[in-house]
Visitor: 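Please see the structure below; I have some questions.
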There are 2 protein chains.
Amino acid sequence: MDFSVQIREKGLKVTPARLSVIEVLSEGNQAFAHAELEKIFDTMDRVTLYRILNDFEYVGLVHKIVDAEGITRFALCKKSCPDKHHTDDHVHFNCQICHKMFCLDKVHEPQINLPNGFKAERLQTLIYGLCNSCNAA
Amino acid sequence: MDFSVQIREKGLKVTPARLSVIEVLSEGNQAFAHAELEKIFDTMDRVTLYRILNDFEYVGLVHKIVDAEGITRFALCKKSCPDKHHTDDHVHFNCQICHKMFCLDKVHEPQINLPNGFKAERLQTLIYGLCNSCNAA
DNA sequence: CCTATCTTTGCAACAAAGTTGCGTTTAGAT
DNA sequence: ATCTAAACGCAACTTTGTTGCAAAGATAGG
Ligand SMILES: [Mn+2]
Ligand SMILES: [Mn+2]
Ligand SMILES: [Zn+2]
Ligand SMILES: [Zn+2]
């Protein structure tokens with residue numbers, strides 16, 4: 001897949017830094033923590049990485065997930081999301097062994113009955129446990 | 001309710017600082033961010049507050065919730081939880097207007113079907129929207 | 001009630017995570 | 001090839017959370 005087109009379509013300039021980030025994010029179906037990405041792009045400035053990820057999130061190329069420990073991770077959006085209003089309403093899964101965070105695209109957010117007066121706008125489900133490959137071992 | 005007993009039962013010493021923290025946490029059905037508590041206890045040392053909250057969480061007096069923006073909040077456990085293994089499996093609700101975080105004790109975590117091989121251990125549901133009092137206005 | 005002991009607190013210093021300002025470099029339009 | 005707005009690198013700063021240590025406080029036993 002050609003990421004240059006997607007980046008340019010979102011109104012961002014195509015740069016080597018942005019291309020390499022989006023390429024890594026496209027590997028597997030995972031969300032990457034900032035620290036992991038910093039290690040991968042050890043020559044890239046920390047601030048640049050922050051800005052690339054935030055810009056990508058802003059234009060709808062990636063979405064952000066914060067786990068229960070407060071670690072922020074970024075994952076590529078499958079279907080292109082309209083700006084600022086992400087439509088990735090899927091469940092996220094965090095493996096306790098390999099610590100990878102998976103986007104379960106096919107598992108949709110559940111419907112939940114709220115107490116009287118409360119109105120849901122957005123829902124976020126995070127599941128902790130064993131991923132398929134760690135479960136096998 | 002006498003919080004001294006609960007604190008002592010968990011093997012912690014009863015101090016003015018701990019009593020005042022647990023008292024504030026018992027107001028409403030809300031989870032408080034560290035920053036909010038710091039403002040309330042403006043004379044208390046920041047580190048002391050961190051230690052009180054972490055100790056309370058460790059012994060099972062409070063539970064911690066991290067929202068989608070990465071803000072950590074603390075809420076009193078209703079039924080006393082066994083150490084380190086919290087049984088508060090209820091849904092949390094974050095109001096977009098008043099920014100309060102509510103513990104919806106009566107709304108239990110949903111059951112979710114995972115892809116083959118994945119095994120759920122713990123589940124966390126966070127809902128964003130309008131709380132009952134903000135919805136009325 | 002007093003003392004001894006272990007816990008908790010406050011302060012200072014540090015670490016990790018994220019942001020802002022600014023000068024330089026670069027993408028890409030003309 | 002030139003020009004300009006966007007992106008980058010660097011330094012400084014903020015916010016959030018942790019650690020070490022000495023002083024103060026809680027409580028059990030005498
Ligand atoms: Mn995802
Ligand atoms: Mn709760
Ligand atoms: Zn795994
Ligand atoms: Zn509200």
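Below, chains carry the letters A, B, ... as their sequence lines are ordered, and counting in each starts from 1.
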Visitor: Check every nucleotide of DNA chain C for an atom under 4.0 Å from a heavy-atom of chain B, then give the first and the last such nucleotide from 5' to 3'.
Guide: C:dC6 to C:dA12
Visitor: Which residues pass the side-chain contact (heavy atoms from CB on, under 4.5 Å) test with B:K119, sequence neighbours left out?
Guide: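 B:K119: side-chain contact (heavy atoms from CB on, under 4.5 Å) contacts with A:L130, A:N135, B:E121.
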Visitor: Can you list the residues that meet the side-chain hydrogen bond (donor to acceptor under 3.5 Å, both in side chains) rule with B:S133, with sequence neighbours excluded?
Guide: none
Visitor: For B:A17, report the nucleic acid contact type (base, sugar-phosphate, nothing); a contact means any heavy atom under 4.0 Å.
Guide: sugar-phosphate
Visitor: What is the first contacted nucleotide of DNA chain D and what is the last, in 5' to 3' order, if contact means an atom lying under 4.0 angstrom from a heavy atom of chain A?
Guide: D:dA5 to D:dA11
Visitor: Closest-nucleotide mapping onto DNA chain D: is B:N54 or B:R8 further toward the 5' terminus? I mean the 5' end.
Guide: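 Checking each residue's closest nucleotide, the 5'-ward one belongs to B:N54.
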Visitor: Under 4.0 Å from any atom of DNA chain D, heavy atoms only: list the residues of residues 42-53 of chain A that qualify, in numerical order.
Guide: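 Within residues 42-53 of chain A, the residues near DNA chain D are A:D45, A:V47, A:T48, A:R51, A:I52.
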Visitor: Let me check something: any side-chain donor-acceptor pairs from residues 110-117 of chain A under 3.5 Å, sequence neighbours excluded? List them with distances.
Guide:
none

Visitor: Not counting sequence neighbours, which residues clear side-chain hydrogen bond (donor to acceptor under 3.5 Å, both in side chains) with A:E109? List them please.
Guide: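 Scan of A:E109 (side-chain hydrogen bond (donor to acceptor under 3.5 Å, both in side chains), adjacent residues dropped) gives A:T125.
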Visitor: Return a table of donor-acceptor pairs under 3.5 angstrom between the side chains of residues 93-102 of chain A and protein atoms on other chains or two or more places apart.
Guide:
{"unit_1": "A:N94", "atom_1": "ND2", "unit_2": "A:K100", "atom_2": "O", "d": "3.1"}
{"unit_1": "A:H99", "atom_1": "ND1", "unit_2": "A:I97", "atom_2": "O", "d": "3.3"}
{"unit_1": "A:H99", "atom_1": "NE2", "unit_2": "A:Q96", "atom_2": "O", "d": "3.4"}

Visitor: Can a salt bridge be assigned to the pair A:K10 and A:D55 using a cut-off of 4.0 Å between side-chain N and carboxylate O?
Guide: no
Visitor: Taking side-chain contact (heavy atoms from CB on, under 4.5 Å) as the test, write out the residues that go with A:V14, two or more places apart.
Guide: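 A:S4, A:I7, A:R8, A:L19.
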Visitor: Which pairs, with at least one residue in residues 27-38 of chain A and sequence neighbours excluded, count as a side-chain hydrogen bond (donor to acceptor under 3.5 Å, both in side chains)?
Guide: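 For residues 27-38 of chain A, and leaving out neighbouring residues, the side-chain hydrogen bond (donor to acceptor under 3.5 Å, both in side chains) pairs sorted by first residue read A:N29-A:K78, A:N29-A:D105, A:H34-A:E38.
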Visitor: Check whether any side-chain heavy atom of A:D89 lies under 4.5 Å from a side-chain heavy atom of A:L123, and answer yes or no.
Guide: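 Counting from C-beta outward, A:D89 and A:L123 never come under 4.5 Å.
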Visitor: Have a look at A:F74 and tell me which of A:I52, A:L53, A:L61 forms a side chain to side chain contact (heavy atoms under 4.5 Å, CB included) with it.
Guide: A:L53
Visitor: Scan residues 65-77 of chain A for pairs that pass side-chain hydrogen bond (donor to acceptor under 3.5 Å, both in side chains), counting only residues two or more places apart or in two chains.
Guide: A:D67-A:R73
Visitor: Among the clusters formed by ILVMFWY side chains lying less than 4.5 Å apart, do A:V47 and A:L12 turn up in the same one?
Guide: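 Per the 4.5 Å side-chain linkage, A:V47 and A:L12 are not co-clustered.
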Visitor: Using a 4.5 Å cut-off on heavy atoms from C-beta on, say whether the side chain of A:V107 contacts that of A:H90.
Guide: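 They are not in side-chain contact.
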Visitor: Considering the terminal five base pairs at each end of the helix from C:dC1-D:dG30 to C:dT30-D:dA1, what angle separates the two local helix axes, rounded to 10°?
Guide: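 Inter-axis angle at the termini of the helix from C:dC1-D:dG30 to C:dT30-D:dA1: 30°.
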